[in-house]
Amino acid sequence: MNRWEQLTGGTSGEEYAARFAELAEHGQDVHGEARLCATLVPRGARVLDAGCGTGRVLIELARLGYDGVGVDSDASMLSVARSSAPRLTWLEADLSDFDPAAAGITPGFDLVVAAGNVFPLLAPGTEADVAATLARALRPGGLLVAGFGLDQDHLPVPPGLTLTQYDAYCTGAGLTLTDRFATWGADPYDGGGYAVSVHRR
């Protein structure tokens, strides 16, 4: 069981979607992740939303003209995603052993995005496996973009994963760090408690 399932019991889809809908209604920007991804790969590129949750990021990317697939292990979150965007492809799978080809999906994505604290909420000990899985899903030259909290102020669970560890997992998966930002708005990273990392295969 991953840390997200321990935290939510795997039943939080509707509640999670309602929280972001409320933020949007109050004028808050809820599409920073999609906008950053859109600056990294051209319209029409293939995107894998890893840990897609209720589909917020992928649905916006599809609206912007991207070809995407969402994968998550939380059935309650995927139920919301499928209801919101039934024409998109949503897969229920554990990221540590996700195989696009076995699921009938052609690998070779231009970009994999892991937003929403995906890596810190994985089952402890699976981080390297997930980095390797996501790297294999990329085409040569493709990008892995992951944003996550590093301290208690930016995480719903006690901090565990450091950037040094994450970079090591990515290096072991054949990925090279190309950029690091403090926000999804691409503000320069200053050593704070949240980071968005871009690695290239």
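We number each residue from 1, following the sequence as shown. Bear in mind that the values here come from a model prediction, so they are computed numbers and not experimental data.
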- Item | Minimal non-hydrogen separation, Gly68 against Leu58, with atom names | CA-CD1, 3.5 Å

- Please report the closest heavy-atom contact between Pro120 and Leu161, naming both atoms and the distance. N-CD2, 4.3 Å

Short question: side chain of [X], backbone of [Y] - any donor-acceptor pair under 3.5 Å?
{"X": "Ser83", "Y": "Ser79", "result": "no"}
{"X": "Arg136", "Y": "Ala173", "result": "no"}
{"X": "Arg82", "Y": "Trp90", "result": "yes"}
{"X": "Tyr189", "Y": "Gly192", "result": "yes"}
{"X": "Tyr66", "Y": "Ala34", "result": "no"}

- Item | ring pair (Phe, Tyr, Trp, His ring centres under 6.0 Å): pairs with one or both residues in residues 142-163, sequence neighbours excluded | Phe148-Tyr166

- Item | For Asp67, all residues meeting side-chain hydrogen bond (donor to acceptor under 3.5 Å, both in side chains), sequence neighbours excluded | none

Rounded at 0.5 Å granularity, tell me how far [atom1] in [X] sits from [atom2] in [Y].
{"X": "Thr39", "Y": "Leu36", "atom1": "OG1", "atom2": "CG", "value": "4.5 Å"}
{"X": "Arg43", "Y": "Leu61", "atom1": "CZ", "atom2": "CG", "value": "11.0 Å"}
{"X": "Leu95", "Y": "Leu48", "atom1": "CG", "atom2": "CG", "value": "8.0 Å"}
{"X": "Asp72", "Y": "Glu92", "atom1": "CG", "atom2": "CD", "value": "8.5 Å"}
{"X": "Leu150", "Y": "Leu163", "atom1": "CG", "atom2": "CG", "value": "4.5 Å"}
{"X": "Leu138", "Y": "Arg200", "atom1": "CG", "atom2": "CZ", "value": "10.0 Å"}

- Task: For residues 110-129, pull every pair meeting side chain to side chain donor-acceptor pair (under 3.5 Å), keeping only residues two or more places apart or in separate chains.
- Result: Asp110-Arg139

- Positive for side chain to side chain contact (heavy atoms under 4.5 Å, CB included) with Ser197, one of Thr178, Leu177, Leu144, Asp179: Leu177

- Note on the structure: Those residues at least two apart in sequence (or on a different chain) that pass ring pair (Phe, Tyr, Trp, His ring centres under 6.0 Å) with Phe181 are none

- Item | Partner residues of Phe109 under the ring pair (Phe, Tyr, Trp, His ring centres under 6.0 Å) criterion, sequence neighbours left out | none

- Note on the structure: Applied to residues 144-153, the salt bridge (Lys or Arg N to Asp or Glu O under 4.0 Å) test, sequence neighbours excluded, yields none

- Evaluate the criterion side chain to side chain contact (heavy atoms under 4.5 Å, CB included) for residue pair Phe119 and Leu134; output intermediate values, then yes/no. CA-CA 12 Å; Phe119 271 89; Leu134 299 184; 4.1 Å; yes

- Val130 reachable from Leu155 in the ILVMFWY side-chain graph, under 4.5 Å edges: no

